Amino acid sequence: MKIASWNVNSLNVRLPQLQQWLADFAPDVVGLQETKLEDHRFPEDALLEAGYRSVFHGQKTYNGVALLARHPIAAVQSGIPDFADPQARAIAATVNGVRIVNLYVVNGQDLGTDKYDYKLRWLDAVHGWLAEELKAHPHLVVLGDFNIAPDDRDVPDAAVWNDDHILTSSAERSAYQRLLALGLHDGLRLKHDDAALFSWWDYRQAAFRRNLGLRIDLTLVSDALKAQVQAVGIDKTPRSWERPSDHAPAWVELRGQAQLLQ
DNA sequence: ATGGTTGTTATACAA
């Protein structure tokens with residue numbers, strides 16, 4: 001069972017690339033972020049033609065998340081329960097007995113800004129939510145654009161991306177570690193120790209060509225799923241296409257779910 | 001990073 005996360009930076013612009021990538025990579029489940037579409041504009045029919053059901057939680061211009069799956073999608077939760085949020089940044093559902101939580105974590109702009117405070121409050125709400133999700137669903141995958149680079153392997157220059165920098169600050173990384181402490185594991189680090197396995201590259205300054213990126217798109221798996229992780233990676237292919245998203249898909253493959261996929 | 005690029009019911013703002 002291949003489960004992926006992709007920040008498409010406008011599904012309206014990226015739909016042809018998403019269709020191509022679904023055909024090439026054939027994931028079973030995909031969490032999308034930054035769809036930037038109101039729900040009535042979501043391309044549900046085009047994705048059905050590609051073989052994927054979808055559930056979505058969007059808004060005009062900004063944010064927007066969705067889950068796509070080749071198989072039935074159950075128990076959909078849009079937004080963080082009991083957390084009033086005008087921004088569409090979270091959606092969860094169950095597919096083949098695996099609970100999937102898809103997050104578009106707040107960027108936070110800069111330390112000391114209102115957006116940074118919102119990011120930390122938002123992550124605190126996610127912490128409470130995931131604690132409940134884990135109780136109800138031990139087989140949990142949490143994926144998305146975390147807008148946090150977990151450690152120094154995940155940045156090109158740790159002197160620049162330091163404790164006082166957005167996406168790597170100590171408060172952000174502590175909030176991320178608090179999520180892991182619930183009983184979650186960074187899927188990629190179960191299989192790879194390498195530095196510079198990035199998932200996002202700025203559009204500016206030829207950052208992709210120079211591999212000046214960050215690893216901020218993550219696939220976390222719960223304790224109960226850890227032994228089922230077969231492979232994990234980041235598919236840089238779509239980032240090399242014409243007019244790409246600035247993010248590449250991050251994916252995790254679980255074994256032992258194949259019989260459920262029939 | 002003071003810039004740079006991309007997206008949006010844009011022409012500032014978010015990333």
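Here is how names work: the chains are called A, B, and so on, in the same order as the sequence lines, proteins then strands, and each is numbered from 1. Just so you know, these numbers come straight off a predicted model, no measurement behind them.
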Is R210(A) touching bases, backbone alone, or none of the nucleic acid, heavy atoms closer than 4.0 Å? nothing
Send over the distance from E34(A) CD to dT5(B) P, rounded to a whole Å. 19 Å
Tell me: CG of N107(A) to C1' of dT6(B), nearest whole Å? 14 Å
Rounding to a whole Å, what distance do you find between Q109(A):CD and dA12(B):P? 17 Å
Pairwise C1' distance, dG7(B) and dT2(B) [rounded to whole Å]: 24 Å
Spacing of Q33(A) atom CD relative to dG7(B) atom C1', expressed in whole Å: 16 Å
Give the rounded distance in Å between these two atoms: NZ of K36(A) and P of dA10(B). 13 Å
How long is the span from the CZ atom in R89(A) to the CG atom in N107(A), to the nearest 0.5 Å? 8.0 Å
OP1 or OP2 of dA15(B) versus the side-chain N and O atoms of R204(A): is any pair under 4.0 Å? no
Atom pair CH2 (W201(A)) and CZ (R210(A)), whose distance is rounded to the nearest 0.5 Å: 14.5 Å
Which nucleotide in dT9(B), dT5(B), dT8(B) has an atom nearest any side-chain atom of K60(A): dT9(B)
What is the nucleic acid contact for R41(A), judged by heavy atoms within less than 4.0 Å: base, sugar-phosphate only, or nothing? base
Measure OH/Y104(A) against P/dA14(B) and give the value in whole Å, please. 11 Å
Of the listed nucleotides dA15(B), dT9(B), dA14(B), the one nearest the side chain of E38(A): dT9(B)
Base, sugar-phosphate alone, or nothing: which one does F208(A) contact when heavy atoms must sit under 4.0 Å apart? nothing
Whether R243(A) contacts dT5(B) is assessed here as follows: a side-chain N or O lying under 4.0 Å from the phosphate OP1 or OP2. Is that the case? no
Taking only side-chain N and O atoms of T61(A), does any of them lie within less than 4.0 angstrom of OP1 or OP2 on dT9(B)? yes
Using a 4.0 Å heavy-atom cut-off, does V13(A) contact any base of the nucleic acid, only the sugar-phosphate backbone, or nothing at all? sugar-phosphate
Nearest-Å distance once atom C1' is located in both dA10(B) and dA15(B): 15 Å
Working to the nearest 0.5 angstrom, can you tell me the gap between Q19(A) CD and L47(A) CG? 6.5 Å
Is the shortest distance from a Lys or Arg side-chain nitrogen in K115(A) or D110(A) to a carboxylate oxygen in the other one below 4.0 Å? no
For nucleotides dT11(B) and dT6(B), find the distance between their C1' atoms and express it as a whole number of Å. 15 Å
In whole Å, what is the span from the CG atom of N12(A) to the P atom of dA10(B)? 14 Å
Is there a donor-acceptor pair closer than 3.5 Å between any side-chain N or O of D154(A) and the backbone N or O of D151(A)? yes
Report yes if at least one side-chain N or O of R239(A) is closer than 4.0 Å to OP1 or OP2 of dT6(B); otherwise report no. no
Between D186(A) and K191(A) (salt bridge meaning N to carboxylate O under 4.0 Å), is one present in this structure? no
Checking contacts here: which listed nucleotide (dT6(B), dA14(B), dG7(B)) is nearest the side-chain heavy atoms of Y203(A)? dT6(B)
Could you pick out which residue, D202(A) or V106(A), lies toward the 5' side of DNA chain B when each is mapped onto its nearest nucleotide? D202(A)
dA10(B) P sits how many Å from N9(A) CG, rounded? 17 Å
